[in-house]
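Working notes, structure below.
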Amino acid sequence: MTPQQHRERLSQLLDSNSAVIVVGSPQRTRSKNQPYRFTQNKDFLYLTGFHEPDAVALIRPGHAQPYVVFCRAKDPAMETSFGARLGPEGAVAELGADLAFPIDQIDEQLPALLEDRQRVLLGDEENRFTVQAWQWINQQRHSVRFDDRRHFRSLEPLAGLLHEMRVIKTDAEIAAIRHAVDAACDAHRVVMANTAPGVNERQLSMAFNAALANWDCDTDPYPNIVAGGPRAMCLHYDENDKVLEDGQVLLIDAGAEFRGYASDITRTYPVSGRFSEPQRQLYQLVLASLDAAIDEVVPGAPWGNIYERACRVLTEGLLELGILHGDIDTLLAEQAHKRFTVHKTGHYMGLDVHDVGQYRQPNGDWRPLQPGMVLTIEPGIYIPDSADDVDPRWRGIAVRIEDDILVTHTGAENLSAAAPRTVAELEALVGSAPITRSVHVPSDPALCR
């Protein structure tokens with residue numbers, strides 16, 4: 001579906017007494033006058049396809065001019081410094097807006113554009129205009145003569161409706177996600193081949209991003225996690241600045257973004273190209289739990305089945321390896337695995353890498369899986385050096401494996417299967433083309449961390 005089709009689908013869920021206001025992201029400053037790379041609010045992108053900052057859209061179901069855009073005005077001087085702007089005229093010509101105004105006219109124009117609609121749905125996750133929105137919807141009743149009709153409008157969040165729309169992906173969305181997944185799979189293979197003792201995590205992170213450029217993916221949906229050895233105990237480690245050592249395992253959690261849609265893949269493998277026996281045993285356990293969890297992905301199955309199946313396999317394995325002790329049913333009831341598994345086993349994926357949508361039904365039961373959902377499954381085991389009651393051979397090992405899964409009409413499709421994941425595949429590829437350039441560190445100790 002196109003943004004226009006998304007707007008039409010949303011409008012079908014509403015009536016002519018409703019209006020939708022959705023707010024885009026601002027441009028954020030990194031330092032002084034240097035901006036961060038701009039990323040559009042994904043609800044706004046879903047409904048408009050517009051990639052410029054500081055924009056607002058108004059959707060009026062059933063109106064002769066249903067789509068209104070407020071955006072930055074044309075400004076030759078600013079455009080010379082920071083890039084072209086579409087401007088209101090361009091919003092009409094290229095975005096298909098029925099009406100468009102400069103964003104600095106929003107307080108003047110938007111209240112009148114609401115006309116006599118009583119229900120206003122606001123998509124403003126960052127609360128940029130939430131206070132003003134109350135002023136917009138109340139302006140009419142505060143300004144009319146005492147004997148004119150007053151509009152007592154309601155204001156409610158758009159997210160409850162729109163985010164459920166985003167859960168089930170269209171064919172076009174799935175195609176974009178496939179491309180992002182394929183790009184990330186290729187980049188993971190590049191990084192595996194370049195991994196070796198003495199290579200810096202930063203070199204591998206940059207090699208991953210360079211590989212994405214070959215797939216027309218010029219952004220990553222989250223900071224790369226390239227964590228060697230004990231640094232993988234931190235789930236969102238992103239310093240990526242340490243040298244890899246022989247005997248460590250490397251955990252890399254990195255994805256691609258294509259036309260706003262994300263992929264999210266994690267692989268763990270030995271820096272030296274060969275797992276130690278304890279590393280191999282923990283790796284095989286995590287992989288077995290991942291495959292068992294994927295088997296639970298069938299239409300109609302409760303979302304929670306994925307986590308429960310993965311946890312059972314992990315608990316049974318930790319018990320067999322002597323890392324946990326006791327009766328399996330008691331361990332599961334007490335959730336003893338949480339000490340070493342730490343996190344849940346997946347999330348929706350789409351325009352946001354942790355995509356929107358409910359996981360539970362209104363009665364609290366798990367939501368049933370449906371064709372068109374895209375989700376990750378990512379079991380992990382983390383045994384810190386501080387686990388004094390665990391055999392030393394297991395300590396300091398962290399393993400996470402994550403795949404991107406499409407729910408089909410018959411079961412599950414592993415979109416990220418092309419990223420090597422078996423022990424044999426990993427040991428054959430890791431270090432096959434290592435980076436040979438050394439990292440140049442300043443000789444002055446005062447400049448070194």
Side-chain angles (χ1 to χ4, degrees), residues 36-37 39 176-229 231-245 248-273 283 347 349 351-354 376 378 380 398-404 414-422 425-440:
Y36 282 107
R37 182 180 65 202
T39 300
I177 292 170
R178 281 187 189 278
H179 188 88
V181 173
D182 289 344
C185 287
D186 181 62
H188 274 281
R189 291 192 294 267
V190 169
V191 170
M192 290 173 187
N194 282 286
T195 298
V199 173
N200 192 286
E201 294 163 345
R202 182 180 287 114
Q203 292 173 289
L204 297 180
S205 181
M206 298 302 288
F208 187 95
N209 290 347
L212 297 184
N214 297 327
W215 292 77
D216 194 29
C217 296
D218 60 354
T219 60
D220 46 284
Y222 57 95
N224 294 342
I225 299 166
V226 185
R231 295 177 293 282
M233 298 293 167
C234 176
L235 300 182
H236 296 100
Y237 169 85
D238 62 1
E239 294 178 10
N240 302 338
D241 62 355
K242 302 298 188 296
V243 174
L244 301 178
E245 300 177 15
Q248 291 180 334
V249 291
L250 173 68
L251 188 157
I252 173 168
D253 185 338
E257 187 171 287
F258 179 68
R259 296 179 182 172
Y261 287 86
S263 59
D264 183 7
I265 302 170
T266 306
R267 293 294 185 260
T268 306
Y269 41 88
V271 169
S272 63
Y283 184 88
H347 51 80
M349 189 181 76
L351 281 171
D352 287 296
V353 67
H354 288 189
T376 71
E378 49 179 312
V399 177
R400 180 165 73 249
I401 314 171
E402 178 180 23
D403 278 321
D404 299 338
N414 186 347
L415 301 176
S416 54
R421 62 206 287 277
T422 69
E425 289 173 330
L426 293 171
E427 291 188 340
L429 181 56
V430 172
S432 58
I435 295 172
T436 57
R437 295 182 300 279
S438 60
V439 176
H440 301 284

Q) Step by step, would you call Y222 with D238 a side chain to side chain donor-acceptor pair (under 3.5 Å)? A) CA-CA 10 Å; Y222 57 95; D238 62 1; over 6 Å; no
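- The closest donor-acceptor contact from the side chain of H236 to the backbone of P223 lies at 3.5 Å or more, if one exists at all.
- In this structure, H347 contributes its side chain and V353 its backbone to a donor-acceptor pair below 3.5 Å.
- Checking side-chain atoms of R400 against main-chain N and O of L251 turns up no donor-acceptor pair under 3.5 Å.
- Between L415 atom CG and D264 atom CG the span is 12.0 Å, to the nearest 0.5 Å.
- Looking at every heavy atom in both residues, V226 comes nearest to S205 through CG2-CB, 3.9 Å.
- Side-chain atoms of L244 and L204, non-hydrogen and from C-beta on, do get closer than 4.5 Å to each other.
- F258 and C217 get closest at one heavy-atom pair: CB-SG, 3.8 Å.
- A donor and an acceptor atom, one from each side chain of N224 and N240, are nowhere located under 3.5 Å apart.
- Nearest heavy-atom pair, L212 versus A256, reported as atom, atom and distance to 0.1 Å: CD2-CB, 3.6 Å.
- Using a 4.5 Å heavy-atom threshold, the side chains of D220 and N209 count as touching.
- In this structure, L250 CG and R231 CZ are separated by 9.0 Å, a value rounded to the nearest 0.5 Å.
- Interatomic distance, OG1 of T268 versus CD of E402, reported as 10.0 Å (0.5 Å rounding).
- For the side-chain hydrogen bond (donor to acceptor under 3.5 Å, both in side chains) test with S416, the passing option among D404, D403, T376 is D403; the others fail.
- The number of heavy-atom neighbours closer than 6.0 Å to CZ of R259, taken from other residues, nucleotides and ligands shown, is 12 or below.
- To the nearest 0.5 Å, atom CZ of residue R189 and atom CG of residue L429 are 8.5 Å apart.
- Contact between A176 and Y261 at its shortest, heavy atoms only, is CB-CD1, 3.8 Å.
- To the nearest 0.5 Å, atom CD1 of residue I265 and atom CE of residue M349 are 7.5 Å apart.
- Side-chain contact check for I401 versus Y283: some heavy-atom pair is nearer than 4.5 Å.
- Here the CD-CG distance, from E257 to L351, works out to 8.0 Å after rounding to the nearest 0.5 Å.
- With hydrogens and angles disregarded, a donor-acceptor distance shorter than 3.5 Å links the side chain of E201 to the backbone of D241.
- With a 4.5 Å cut-off on side-chain heavy atoms, Y269 and I252 count as touching.
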Run the side-chain donor-acceptor check on residues 179-187: report pairs under 3.5 Å with partners two or more places apart or on a different chain.
from: H179; atom 1: NE2; to: W215; atom 2: O; distance (Å): 2.7
from: D186; atom 1: OD2; to: W215; atom 2: NE1; distance (Å): 3.1

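- Applying the side-chain contact (heavy atoms from CB on, under 4.5 Å) rule to A398 yields the partners A232, M233, Y382; only residues at least two apart in sequence or on another chain are considered.
- Between the side chain of R267 and the backbone N or O of A419, at least one donor-acceptor pair lies under 3.5 Å.
- Between L426 and R421, the closest heavy-atom pair is CD1-O, 4.1 Å.
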